[in-house]
Q: 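Have a look at this one.
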Amino acid sequence: MTPAQAATSRAITADLRPAPAKAAILGAGRPKTDVLAYNGTVSGPAVTMHQAVPFQSTVTNGLDQGTTVHWHGIRLPNDMDGVPFLTQPPIRPGADFHYAFTPPDAGTFWYHPHEHTAHQMGRGMAGALIVKEPEPPPFDRDLLWVLQDWAFEPNDQFVPGFDTPMEAAMSGRIGSVVTINGVVPGPIKLRAGERLRIRMVNACLARFMAPRFAGHPVTVIALDGQPCHPFQPANGQVIIAPAQRVDLQLDTIGEPGHNYPVIDDFYGRHATYRLVTLAYTKQQPRRRSLPAQPIILPPNPVPKPDLSNPVRHHLDIVGGMMGGMGMTADGKPAPIWGIKDGSRISDGMAPIFTIPLGRTALLTLVNHTAFWHPMHLHGYSYTVLSRNGVKEPYPHLRDTVILRPKDTVEIAFAADNPGNWMFHCHVIEHQANGLMTVIRVT
Ligand code: C2O
Ligand code: CU
Ligand code: CU
C-alpha cells in the first residue's frame, strides 16, 4: 500500500446524493413540500469527521442541473473547495465527484452547494458538518440546531422564483417559517443540572437571527467552528448571520417541569417570534450544582497572522437598492452589487488581487451600502482585528464576519493555503448578483 492508499483505507466516508424529495417541514399531518435534499432529508445528514483524520465523500448528482459541494469553513486544499468553474467543473446530472481531504480543525461547520445556490440551498440542500475533537470536551450532551427559513405558498409549497431582482437588490429572501433541523420544532426536552453544548448553524439564504434564551445566561464558546475566549453575549442576544455558526454552552439551571422560550427578535419588536421552547422534564436535576467556569475548547492549529509586515488591501462593498452601480464601461447594466479594490471592481471569477504565499494579508472591509452583509472567505479562518476603529478585546477567528451598514472591519490571515479562494457575501442573492470576488494566494 502507498501512504495515500493507507490513508484512504482508514478515512471516514460519508457519501451524498442530492436529489428531489418530499419533506414534512411543517410537521407531521401537514402536506409534504417538494424539496431538493441530500440523501432525502432536510436538513441534510449531519456529516461527522474527526480532527486530522482523512475524510472522503462521493457526491452523486441526482438533480437535473449541475451542482457541487462546498465544505464551508474547512481549511482544505483548493481543489476540494467545491466552487464550480474555479476549483472544479460542476458535477453534471447523473455524474459524480470524489471529495477527499483531512480537516485540520475541530468544530462546527456545514456543507452546501455552490452552483445554483439560491435554487438548491433555498430548497433544502444544506447540512451540518461536525469535526470532533480527539478528546471529547466534558459536556453532558451536544445539541445540533441547523436553522433554516422558508417562504411558503398557501398550498405548503415554496414560493417559486428564487433570486428575484427584488430579493436580490434588498435583503434577500427571508421566509416566515423558521425550522430547526428541517422541521418546525416542538418543545426540546431538557433535564435540569446538565451542561450542554448547542451547535447553531445558520443555513438560511438571507435571514439574520438573534436568539435569546429566557432564564439562561448562555456562554459563547466557539464562533464559526473556532474556539473563542468564552463570553456572554450582550443583552443575551446570540447574533448569528447567514453561514455563521455559534457554539454555546447552556447550563440547564431551569426548574424541573418548567418551560423557557427561546425568542428571536433580530428584526425588531414587530417581527419577534418564538424559535423554540425549552421544556424541562420533572426529573430531579442531574447535579445539584455546576462548575462556575465554562468549558474551554482546545484551540485549533490556525497559524497566527504576522502583523509586523502585512500585505494590505482595502475592499469597498458597493451597490444595492439605494447604491445604484449604474452602467458598465460598455453600457450594459452593472450587477446590483460589487466589491472594489481601489478603482478595480470585482469581475466574476478573476482574482481581484494576489497574496504571496506565506505573507499575512490585512484587509480593510468597508460597507458603503444600506444593507447588512455577512462576508465569507473560503479556505481560511481569519482574525477579526477591529470594527469602526475599535480593537476587538479578544480578537477571534471567523470565516464569516458581519458588516452592518457603514461598518469598517479589519481582518487578517496568514496566507498559508495556496489557491483561488472565493470571498463573498453569504446572503446568497447578494453573492449571486455581484457581491463576490476571488483572492488568489500563490
Ligand atoms: Cu458557504 Cu462560498 O460559501
Ligand atoms: Cu465557504
Ligand atoms: Cu450582502
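In each ligand, atom 1 is the first atom listed, and ligand 1 is the first ligand listed. Heavy atoms only: backbone and side chains are in, while hydrogens, waters and symmetry mates are out. For this chain, numbers begin at 1 and follow the sequence in order.
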Q: Does the separation of the ring centres of H70 and H378 fall below 6.0 angstrom?
A: yes
Q: Taking Q226 for its side chain and S381 for its backbone only, find out whether a donor-acceptor pair lies under 3.5 Å.
A: no
Q: When you check the gap from the basic side-chain N to the acidic O, do R404 and D407 get nearer than 4.0 Å?
A: yes
Q: On the ring face of Y382, is R398 found with NZ or CZ under 6.0 Å from the centre and within 45° of the axis?
A: no
Q: Applying the side chain to side chain contact (heavy atoms under 4.5 Å, CB included) criterion to P310, which one of L363, L362, I355 satisfies it?
A: L362
Q: Salt-bridged, R245 to D399, with N to O below 4.0 Å?
A: yes
Q: Quick one: side chain to side chain donor-acceptor pair (under 3.5 Å) partners of D347, sequence neighbours excluded?
A: none
Q: Mind listing the side-chain donor-acceptor pairs of residues 38-49 below 3.5 Å, one per line with the distance, residues two or more places apart or on another chain?
A:
| unit_1 | atom_1 | unit_2 | atom_2 | d |
| --- | --- | --- | --- | --- |
| N39 | OD1 | R17 | N | 2.7 |
| N39 | ND2 | D15 | O | 3.2 |
| T41 | OG1 | S43 | O | 3.0 |

Q: Hey, which of V238, D247, L144 is the one that makes side chain to side chain contact (heavy atoms under 4.5 Å, CB included) with M200?
A: V238
Q: Tell me the protein N, O or S atoms under 2.8 Å from atom 1 (Cu) of ligand 1, in chain and number order.
A: H72 ND1, H112 NE2, H426 NE2
Q: Which protein atoms of type N, O or S are found under 2.8 Å from the Cu ion (ligand 3)?
A: H373 ND1, C425 SG, H430 ND1
